[in-house]
Protein chains: 2
Amino acid sequence: MARSDTRFREAYNQILDYCGTLPPSAAMPSETRLAELAGVSRTIIRRCLARMEEEELLAWSGREKLLLRAPRASDRIDVQKQAGGTGDLEQRFLDWVLRFDVPAGTPLSVAELSRNFGVPQHELKEFLAGLSRFGLVSRRPQGGWMLLGFTRDFAIELSDFRCVLELNAVARVAEAPVDHPVWAALAALREAHLRLQREIETDFHEFSKLDERFHQAISSVVKNRFTAEFQKVISLIFHYHYMWDKTEEKARNAAAIGEHLAIIDALEARDAEAAQEAAKRHLRTSKTTLLSSLRHHELA
Amino acid sequence: MARSDTRFREAYNQILDYCGTLPPSAAMPSETRLAELAGVSRTIIRRCLARMEEEELLAWSGREKLLLRAPRASDRIDVQKQAGGTGDLEQRFLDWVLRFDVPAGTPLSVAELSRNFGVPQHELKEFLAGLSRFGLVSRRPQGGWMLLGFTRDFAIELSDFRCVLELNAVARVAEAPVDHPVWAALAALREAHLRLQREIETDFHEFSKLDERFHQAISSVVKNRFTAEFQKVISLIFHYHYMWDKTEEKARNAAAIGEHLAIIDALEARDAEAAQEAAKRHLRTSKTTLLSSLRHHELA
DNA sequence: TTTATGTTTCAAATAATAAAAAACAGCATG
DNA sequence: CATGCTGTTTTTTATTATTTGAAACATAAA
């Protein structure tokens, strides 16, 4: 069979709700009007009206549409929207890859993923096609897909690319006008960093979240559709790896806090040169951390 | 009906070719072995063998597979691979968009594109899903797709992003070792530029190709899967716009040749600083050209 | 002349299906 | 008895067919 009639069901209930607001035995507006109200095509509206006539809610003849009685709750048709949700598929997919440390070269079965994520197959295919643009997956010659990341090369290229994007972002921040919201964000981040620095002995694992917030704030200054997509993926990957590599986590995080503060200092002093240097230092550290976390995983 | 049996047909011919190399009435290798040879699953091999038996090419019983006679050309089955080719869909699609100046906001019908490009619908869907990652198209709320580029914002963001990537590439070139192939390429490009500079009065429209070659050479130094994808799209777009904006084309191209030569000079002198400056100047010019070409198109 | 409805056409979403791949199990042969 | 091969079954993927929904067109009422 064919596509689901969810659209019809939702529209029907919506129309019923609208009828509830009308006085009894009122004339209903035109099909075009109703279609606009429900944000749906006239075809659907006509199906709704037909059903209302069947249910004896409506006397319909030509352009005479008289409401016979107020709709009851029992008149509604239930629309079971399938769980899982197709919205944050990207998040969930990367989460799965990173959390279970799915190795590079793993064949990805669309059918299996479709079951696990509760998403129709064709959506998964489109999704994978999108990821292949980022070089995360690729089509196999004998059909199907295969996971490419996380090799060492991948991590290096990802870090380098991130570096290019972020150094640019830092440069943009340095030349942002005083009333730009980024300055407020940076001031707040400075406080948060200082607070965490004081409590580093106990709360050091809080850093991962702070790191994400920090880089997010810097990147948000660059309004660019091309970078935006990448930032999502990049931040997710670094976020996870920060959380997992437990070797000397406390010392690492303490050092990173210092590096962040150095960047903020330089930016607030509008010293673009110093900010670049500080950012470079921090990104170099990040890259090393990412690579070493990969090594540990490989040994495990 | 279902998928094409191209895979079977190609494998069959391949097996026939292989049989040609065997002595007459030889025993054929195991199914697994043949499957490896043809790069195909055992299921296909068994279909091939079954057909060969039907054609009285083979006496097949259990694991006894005796070749009865050498295969002739007439035994092959022809495999008509549909024209059009799904390979350079990206090239053809962008070509279409740019050549016919398809305006931003145009609804894209998968069915129609599928017919025009001679590519199955589902492939087009995957393709569009990939492009949406670059912000070139997006899904419409009521279903279907819509073209986003070419607005002014798009051109600005594209130029800025290109600038970030290329400045990085220039920096990488400046620190490349002396035996890196890029130096030979640059030397050749210098000659080509000088030659065109001499013949600028007549051959100025040759510049577009040269420009593409130049940026390609610079970018190729950065080995990064993330940038590689973008470069393809970016270069195509700039390439076309260069070709179309006919206003003062000769003067513009002459100036660009000078800018290119300045970049090559600075690079060959290993002066990273000067190279950055020269590149910045050139990219600024490019951006202006792209924007003005858009304005002209809008007026037209 | 405008606006609404009746009718038709076309495209997009999704189920169904044939083809291919992979997994499984039993058997023969050294 | 263990290895490798074939017969069979199960999954999975690529592709078509079908159905719902959107939109274009035509016609009639106000």
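Throughout, a chain's letter reflects where its sequence line sits, starting with A, and its residues are numbered from 1.
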> If each of A/G144 and B/G62 is mapped to the nucleotide of DNA chain D with the nearest heavy atom, which maps nearer the 5' terminus, i.e. the 5' end?
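That would be B/G62.
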
> In whole Å, what is the span from the CD atom of A/E31 to the C1' atom of C/dT3?
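A/E31 atom CD is separated from C/dT3 atom C1' by 12 Å.
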
> In whole angstroms, how far is the C1' atom of D/dT18 from the CG atom of A/D5?
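So the CG-C1' distance, A/D5 to D/dT18, works out to 15 Å.
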
> Once you round it to whole Å, what is the distance between P of D/dC5 and CG of B/L49?
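So the CG-P distance, B/L49 to D/dC5, works out to 14 Å.
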
> Applying side chain to side chain contact (heavy atoms under 4.5 Å, CB included), name anything that partners B/T227, two or more places apart in sequence or on another chain.
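Listed in chain order: A/F161, B/L165, B/V222, B/N224.
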
> Please give, in whole Å, the distance from D/dA14 P to A/L128 CG?
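Checked: the CG to P distance equals 11 Å.
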
> Do the side-chain N or O atoms of B/K65 get closer than 4.0 angstrom to the phosphate oxygens (OP1, OP2) of D/dC5?
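Looking at the OP1 and OP2 atoms of D/dC5, neither is under 4.0 Å from any side-chain N or O of B/K65.
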
> For A/E212, give me all partners under side chain to side chain contact (heavy atoms under 4.5 Å, CB included), at least two apart in sequence or on another chain.
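Partners of A/E212 by the side chain to side chain contact (heavy atoms under 4.5 Å, CB included) criterion, ordered by chain and then number, come out as A/S235, A/H239.
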
> Is the positively charged end of A/R76 above the ring of A/Y12, judged by distance under 6.0 angstrom from the centroid and angle within 45° of the axis?
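The answer is no; the distance or angle limit is not met.
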
> Select base, sugar-phosphate, or nothing to describe what B/R46 touches, counting heavy atoms under 4.0 Å on all strands.
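Base contact.
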
> Would you mind telling me which residue lines up with the more 5' stretch of DNA chain C, A/E126 or A/E64, judged by nearest nucleotide?
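Nearer the 5' end of the strand: A/E64.
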
> Using the rule given for side chain to side chain contact (heavy atoms under 4.5 Å, CB included), can you reason through A/C48 versus A/I44, listing the C-alpha separation, both sets of side-chain angles and the distance that settles it, and then say yes or no?
CA-CA 6 Å; A/C48 291; A/I44 298 225; 4.1 Å; yes

> C/dA21 P sits how many Å from B/E36 CD, rounded?
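Value for this atom pair: 14 Å.
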
> Tell me, which of residues 107-115 of chain B have any heavy atom that sits under 4.0 Å from an atom in DNA chain C?
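Result for residues 107-115 of chain B: B/L108, B/S109, B/V110, B/A111, B/R115, sorted by number.
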
> Taking CZ in A/R33 as the centre, count heavy atoms belonging to other residues, nucleotides or ligands within less than 6.0 Å. Is the count above 12?
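Not more than 12 within 6.0 Å, no.
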
> So how far is it from B/H122 NE2 to A/K125 NZ, rounded to the nearest 0.5 Å?
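It is 6.0 Å, given to the nearest 0.5 Å.
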
> Who are the side chain to side chain contact (heavy atoms under 4.5 Å, CB included) partners of B/Q14, not counting sequence neighbours?
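Partners of B/Q14 by the side chain to side chain contact (heavy atoms under 4.5 Å, CB included) criterion, ordered by chain and then number, come out as B/A38.
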
> Restricting to nitrogen or oxygen on both sides, can you table the protein-nucleotides 22-29 of chain D pairs closer than 3.5 Å?
{"unit_1": "D/dA22", "atom_1": "OP1", "unit_2": "A/R7", "atom_2": "NE", "d": "2.4"}
{"unit_1": "D/dA22", "atom_1": "OP1", "unit_2": "A/R7", "atom_2": "NH2", "d": "3.0"}
{"unit_1": "D/dA22", "atom_1": "OP2", "unit_2": "A/S41", "atom_2": "N", "d": "3.1"}
{"unit_1": "D/dA22", "atom_1": "OP2", "unit_2": "A/S41", "atom_2": "OG", "d": "2.6"}
{"unit_1": "D/dA22", "atom_1": "N7", "unit_2": "A/T43", "atom_2": "OG1", "d": "2.6"}

> Round to the nearest Å and state the distance from B/Q121 atom CD to D/dT18 atom C1'.
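Interatomic distance, CD of B/Q121 to C1' of D/dT18: 13 Å.
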
> So which heavy atom on B/P23 is nearest to which on B/L67, and how close?
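Closest heavy-atom pair between B/P23 and B/L67: O-CD2, 4.4 Å.
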
> To the nearest Å, give me how far apart NZ (A/K125) and C1' (D/dT15) are.
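After rounding, the reported distance stands at 8 Å.
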
> A/R9: what forms a side chain to side chain contact (heavy atoms under 4.5 Å, CB included) with it, not counting sequence neighbours?
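Side chain to side chain contact (heavy atoms under 4.5 Å, CB included) list for A/R9, sorted by chain: A/D5, A/I77, A/V79.
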
> Roughly, in whole Å, what's the span from CE in A/M28 to C1' in C/dA4?
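So the two atoms are 15 Å apart, to the nearest Å.
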
